Each structure stands twice: as structure tokens, then as C-alpha cells.
Amino acid sequence: MPDKYDEIIKDFENYMPPLSEPMARALEAIRSPQVDTRALSRLLMQDTILASKTFKLVNSPYFSSSSKQLTSINKALLSLGAMKVKNIIIALVLQKLYETEGPADLFEHSIRCATACEFLASEYKCINVDDAFILGFLHDIGQVILKIRHPEYIDIYNEAKGNYDVLVAAEMKNFGITHSVLGAKLCEKWRLPAILSDTLYYHHAPRMAKIPFAAGIVYISDRLISLKYETMSINQDILDYLQVSLADSLNLRENILAKSQIFLDQLSDF
């Protein structure tokens, strides 16, 4: 991370949320080369609400086209794979933080972006699909830190009216730093893989990233599912650089929004 932000970041250090116990356990379970499925099982057994949400999602059309219901965490791990279950848990554990401390639409936007990232990763086979989901889900977590440190950030966020370029410029003008930089710093604090901090840092400028396609699919997904889609263009130079073609982007957007809504609908009863 560039030194020019060091002094500014120090001002935000106390506002960066620590890992909750469930989140810490979920991450601990995946830091080793072999996912500790027993640790994931214990985590769900100790949190009935988290377990209920997880099983509802596991058995939803978002993850499965089968009518056969998975009734145990071990069956879910075998059917979906531990990484997908881990991603569900991380999204659910962070849901409250996103909804209480971030902009009003942050959780929904993040799920939609994660769904789009999954699709692009699957389509172009350049990064792991499960990695892509979590990149999309975490990409705007720096907005949480900005709002916690500066409650007036919500006014700036709302004034941008969904235009990311306007928002980033306003963040720099008012705070001297962007949500991208703060999100990357939080990933470092949480000791998450380097691909996450690099992608979050550069998701508005993917050509500068160490792994351009990782940051690139977040950049594309972010704009593809934007509420301002009609006026938010996707830079053609970036598409060409990544060798990505969006021939029917409107239909793609509608399909992604429909699929991500399945995920969100499963949580409406909680």
C-alpha cells in the first residue's frame, strides 16, 4: 500500500471493525490449505440463527436446482463444497455490520456484485469462482469504515446518487482517502489473502492491480449491477485489456439481478 496514505490511515485505525467471534472462526477454518470442515460445523452448531440462514440459502435455487433438501452441514459441505459454505457464512456474519454501519443498500449491492463476479469468473475461467464471490461481496467494505469514522459520509454517498466516479472524487476531497484504500487496509488487518487487499484497492482502476482480472471483474460487476446502469459506462479500454466482451449486457444484468434476488429473498424472514 502506498506510503502517502499512512498518516491518514492512522486516523481510521480505531474505527476499523475487529473480527467478530463467528467471523474469526470462519476465517480460521479456511486459512490452512485444507478447509477445516469440522470448525465450520461447530460454528453453525453454536449459532442457531446463522445455521438457519445458511441452510435456507444452501437449499435455495441460488445454489441448487435439486428439490432434495440438505439437512446437515456435512451434507451441505459435500454437496456444495466447503468454500461455498464458507462464503455463505462470511456474507451472513457481515450482514449486520453492512446493514447497521454502511450505506442503506450496501448489503444488497454487495450480494449482487458477488453474484456478477461469480458469473464472470465462471465465464472467463481466470480466477476461482468462489474467490470471485468474496471479492465482489467485500469490495465496498471500506464504506463502512468511512461512515463509522465520519457519519456525514452518508450525505456524501447519497449526493453521489450512485455515480461511483463522483463518489470516489468526493471521498478524496472530503477525507483524503477512498473506500477502496480503507477496504484494502481492513483486509490486511484481518490477515485476509493478498488477492483481496489488492482487488479492493484497485477495483476502480483494475489495470493497476497485481491481478488485473480479479480487480477487473469487480470493476465490471460493480457497474453492471449499478442502479445508475443507464448512465454508468464501463470503460471499453478496460474491457479490451481484460479481453472481456459484454455483447448483451442488459440481458446479462437482468439475469444476475434475478439470481441475486433469490439470495436476498431467502433472508427476508429473518
Side-chain angles (χ1 to χ4, degrees), residues 30 57 60-63 80-81 83-95 98 102 105-144 162 164 179-180 183-184 186-187 192-229 232-235 238-239 241-264 266:
I30 64 165
L57 283 165
S60 77
Y62 186 98
F63 290 103
L80 293 182
M83 294 300 286
K84 273 190 171 53
V85 176
K86 174 266 302 181
N87 284 346
I88 295 172
I89 291 171
I90 290 176
L92 295 178
V93 167
L94 283 175
Q95 180 183 4
Y98 276 30
D105 62 346
L106 181 58
F107 182 73
E108 291 185 6
H109 173 76
S110 299
I111 291 297
R112 289 177 177 134
C113 190
T115 302
C117 286
E118 272 188 327
F119 174 84
L120 291 174
S122 176
E123 182 75 10
Y124 291 94
K125 297 178 175 57
C126 288
I127 65 171
N128 180 276
V129 172
D130 295 327
D131 289 343
F133 179 92
I134 212 65
L135 292 175
F137 181 73
L138 291 176
H139 78 285
D140 277 341
I141 196 171
Q143 293 178 359
V144 171
Y164 305 143
H179 69 274
S180 305
L186 183 60
C187 286
L192 298 178
I195 187 176
L196 275 162
S197 56
D198 182 62
T199 296
L200 266 62
Y201 194 100
Y202 291 111
H203 74 269
H204 287 295
R207 294 182 66 168
M208 299 175 65
K210 292 179 181 177
I211 308 175
F213 198 87
I217 64 168
V218 176
Y219 167 86
I220 296 168
S221 298
D222 204 10
R223 282 157 174 74
L224 191 62
I225 54 88
S226 168
L227 295 176
K228 300 286 288 184
Y229 174 71
M232 281 294 293
S233 62
I234 300 174
N235 190 312
I238 292 177
L239 291 176
Y241 181 76
L242 299 172
Q243 298 182 342
V244 170
S245 174
L246 298 178
D248 189 358
S249 58
L250 182 58
N251 185 58
L252 173 60
R253 166 185 159 84
E254 290 175 352
N255 289 338
I256 288 170
L257 291 179
K259 183 176 181 181
S260 62
Q261 194 60 45
I262 294 172
F263 191 113
L264 295 167
Q266 300 308 305

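Quantities reported herein were computed from a predicted structural model and do not represent experimental measurements. The figures here come from the full heavy-atom set of this structure, side chains too, leaving out hydrogens, waters and symmetry mates.
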Query raised in the report: Taking side chain as C-beta onward, heavy atoms only, is Arg112 less than 4.5 Å from Gln261?
Result: yes
Report summary line: Shortest non-hydrogen pair, Ala132 vs Ile127, comes out as CB-CD1, 3.9 Å
Query - Leu94 vs Leu138 side-chain heavy atoms within contact, under 4.5 Å - result: yes
Query - Minimal non-hydrogen separation, Ser197 against Ala184, with atom names - result: O-CB, 3.3 Å
Report summary line: One should read off an interatomic distance between Asn87 CG and Met83 CE, to the nearest 0.5 angstrom, of 6.0 Å
Report task. Give, for atom CD1 of Ile217 and atom CD1 of Ile220, the distance between the pair rounded to the nearest 0.5 Å. Result -> 8.0 Å
Query - Main-chain N/O of Gln143 paired with Asp140 side-chain donor or acceptor, under 3.5 Å - result: no
Requested in this report: Could you please spell out the steps behind the side chain to side chain contact (heavy atoms under 4.5 Å, CB included) verdict for Val244 and Phe213?
Outcome: CA-CA 10 Å; Val244 170; Phe213 198 87; 3.8 Å; yes
Query - Nearest-0.5 Å distance, CG of residue Leu224 to CD1 of residue Ile256 - result: 5.0 Å
Query raised in the report: Run the ring-ring contact (aromatic ring centres under 6.0 Å, His included) check on Phe137 and Tyr98 step by step: do they pass?
Result: CA-CA 11 Å; Phe137 181 73; Tyr98 276 30; 4.9 Å; yes
Report summary line: Looking only at heavy atoms, the pair that brings Tyr202 and Ala215 closest together is O-CB, 3.8 Å
Query raised in the report: Could you state the interatomic distance from CG (Leu57) to CD1 (Ile262), rounded to the nearest 0.5 Å?
Result: 11.0 Å
Report task. Taking the side chain as every heavy atom from C-beta outward, state whether Leu200 and Leu186 have any pair of such atoms under 4.5 Å apart. Result -> no
Query raised in the report: Can you check whether Phe119's main-chain N or O pairs, donor with acceptor, with Ser122's side chain at less than 3.5 Å?
Result: no
Report task. Ignoring hydrogens and angles, tell me if any N or O in the side chain of Arg253 forms a donor-acceptor pair with the backbone of Arg223 under 3.5 Å. Result -> no
Query raised in the report: What pair of heavy atoms forms the shortest contact from Gly136 to Val218, and how long is it?
Result: N-CG2, 4.3 Å
Query raised in the report: Are the side chains of Tyr62 and Gln266 in touch, meaning some heavy atoms are under 4.5 Å apart?
Result: no
Report summary line: d(Tyr124 OH, Gln243 CD) to nearest 0.5 Å is 10.0 Å
Requested in this report: Please assess His139 against His204 for the test ring-ring contact (aromatic ring centres under 6.0 Å, His included), listing each intermediate value before the final yes or no.
Outcome: CA-CA 10 Å; His139 78 285; His204 287 295; 7.8 Å; no
Query - Point-to-point distance, once rounded to the nearest 0.5 Å, from OH of Tyr219 to CD1 of Ile238 - result: 4.0 Å
**Report entry** Min side-chain heavy-atom separation Thr199-Ile211 under 4.5 Å
**Finding:** no
Query raised in the report: Do the side chain of Thr115 and the main chain of Ile111 share a donor and acceptor less than 3.5 angstrom apart?
Result: yes
